[in-house]
Amino acid sequence: MEDRLIITSNPNKSVSESDRSALVIWGKSPLNGHVTISGAKNSALVVMTGALLCSEDCRIRNVPSLVDVKRMCQIISALGVKVEQNGDVVDMNAQEIGTSQAPYDIVSQLRASFFLIGPILARLGEARVPMPGGCAIGARPIELHVMGLQKMGADVQLAHGMVHARVKGSNRRLQGARIYFDYPSVGATETLMMAATLAEGETILENAAQEPEVIDLANFCIAMGAKITGAGTNTITISGVPSLHRVDYSIIPDRIEAGSFLVAGAITHSEISLSPIVPDHLTAVLAKLREVGTQTIWEAPDTLRIIPANTIKPTDIETLPYPGFPTDMQAQFMALLSLSEGNSVITETVFENRLRHVAELQRMGANIRVKGNNAIVTGVPFLTGAKVLATDLRASAALVIAGLAAEGKTIIQGLHHLDRGYEKLEPKLQKLGARIQRVQNEAEAEALNLTV
Ligand code: EPU
């Protein structure tokens, strides 16, 4: 019962606590053993918004215990919807949605909560959701979401920091439409797929995102009675239905958490195994691991063992929409390639400002030059522990990975980013043999000695 969360507490408390706290890592410990991968953050968050489409009980399993999930629970609760988190199970009942307006203060801290606009609009015919601000990794505009909702018959006004969408017409039901995305945005595909499940008629999403999290959301909606085909391809067809029914659904494993542990194994030259993993979700990451010389073998259909090499070969990486190399793994691979024997070019094409970890890796001795959206990484023989600041979620993971391989002590601050997206990271790494510990503040971090 320890993890039971009745949704009344303030999630900001844990944020300010993790703001002050620090992770101390003493590098160069070989890792060994098995790690269990949690449910996918980006699936769980959007599936929780999808549960608002249904006026009956929804049970969502394998939900990771993360600050972002707590925030989403808070937002859903503020809409007047019943939500309870019990361990890795979230129960929701959106029979009543008390208000069409999402709360400003929490929504502005959680990009994924903008995706609420689709389900609220589909259920109530009206939605008011704060505009998500720019964030550390880029401006993150919403024009593709807005364009799609307009095509489906909504009147959308942007004013005073709010997006106000209203369905025109007397029955307040969105209309099916043919929607082409200039770019295969994950969030816009998810928003419009959810909106279309309860619309009148057929919606076709063209140049849609193909990410596994989009497929997971589609499968969740299908399990509630939605009529969706083509999720996982670039054309998704949704035939609207009048209502959806109760569901008990389990979230897919987190491919980015799995990828992060694989890189941790590769950089420390350690043999570790991971499960559960869906093999297809990691195609690009495993291809790049092979290029740097790290082999992987499937011990079971969902269990992967990493067979590391003694040296790390350089390789070039360009981030792309799925099935291309994921932007959410770019920072972790940069840490790995900073110890390679040669030059690598990493090109970030998905977000315009996702190279801020370069400066922190440089503090640890990495040789990286940035030119536009390219990072030119010249491998060095070793990294040295340093005091570094996590600049976003995946940058935090990269610094942990670099710290595991570095000589001496690394102190990582800015843990509120890490806590948004990695469940029980320290216990999982400690179980593998890493010398890693969270402390309350910088002074404790300075004093801590993990060599004994
Ligand atoms: N974009 C637009 N206009 C739009 C929507 C997106 O220009 O209307 C741009 C964005 O600014 C960005 C690019 O398109 O440059 C990709 O954005 P996308 O909409 O695909 O991403 P997202 O839905 O905002 C999700 C994940 C991200 C992940 C990306 C790409 C969630 C909650 N977030 O974001 O996850 O990086 O897809 O795969 O699902 C993370 O977990 O660390 C993370 C950032």
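Remember, it's 1-based here, ligands and their atoms both numbered in the order they're listed.
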With a 4.5 Å heavy-atom cut-off, do Ile204 and Tyr180 have their side chains touching? no
Please work out which of Asn42, Val350, Asp68 has its closest non-hydrogen atom nearest to atom 26 (C) of ligand 1. Asn42
Which protein non-hydrogen atom lies closest to atom 7 (O) of ligand 1, naming both residue and atom, and how far is it? Pro141 CG, 3.3 Å
With a cut-off of 4.0 Å, which atoms of ligand 1 are near a heavy atom of Tyr183? 13 (C), 14 (O), 16 (C)
Regarding ligand 1, does Glu352 bring an N or O atom to under 3.5 Å of one of the ligand's N or O atoms? no
Evaluate the side-chain proximity of Val47 to Ile251: yes if any heavy-atom separation is below 4.5 Å, no if none is. yes
The one among Arg354, Arg394, His417 that brings a heavy atom closest to atom 41 (O) of ligand 1: Arg394
Using a 4.0 Å cutoff against the non-hydrogen atoms of Ile142, which atoms of ligand 1 qualify? 8 (O)
Would you please say whether a donor-acceptor pair under 3.5 Å links the side chains of Tyr322 and Arg255? no
Glu190, any N or O under 3.5 Å of ligand 1 N or O: no
Using a 4.0 Å cut-off to any heavy atom of Arg111, which atoms of ligand 1 qualify? 24 (O)
Heavy-atom contacts under 4.0 Å between Leu393 and ligand 1: side chain, backbone, both, or neither? side chain
With the side chain counted from C-beta on, respond yes when Leu23 and Glu426 share a heavy-atom pair under 4.5 Å apart, and no when they do not. yes
Could you check whether Asp419 pairs with Arg438 (Lys NZ or Arg NE/NH1/NH2 to Asp/Glu carboxylate O, under 4.0 Å)? yes
Backbone of Pro308 reached by a side-chain donor or acceptor of Thr294 within 3.5 Å: no
Tyr183 side chain to Asn207 side chain, donor-acceptor N/O pair below 3.5 angstrom: no
Checking the side chain of Ser396 only, and the main-chain atoms of His417 only, is there a donor and an acceptor separated by less than 3.5 Å? no
At a non-hydrogen distance cut-off of under 4.0 Å, which region of Leu144 contacts ligand 1 (side chain, backbone, both, or neither)? both
Using a 4.0 Å cut-off to any heavy atom of Ala112, which atoms of ligand 1 qualify? 32 (C)
Thr347 and Asn374: side chain donor to acceptor below 3.5 Å: yes
Counting heavy atoms only, which part of Tyr322 comes closer than 4.0 Å to ligand 1: side chain, backbone, both or neither? neither
Could you list the atoms of ligand 1 found under 4.0 angstrom from a heavy atom of Lys41? 40 (C), 41 (O)
Suppose I only count heavy atoms of Gly187 and a 4.0 Å limit; which atoms of ligand 1 are within that range? 19 (O), 23 (O)
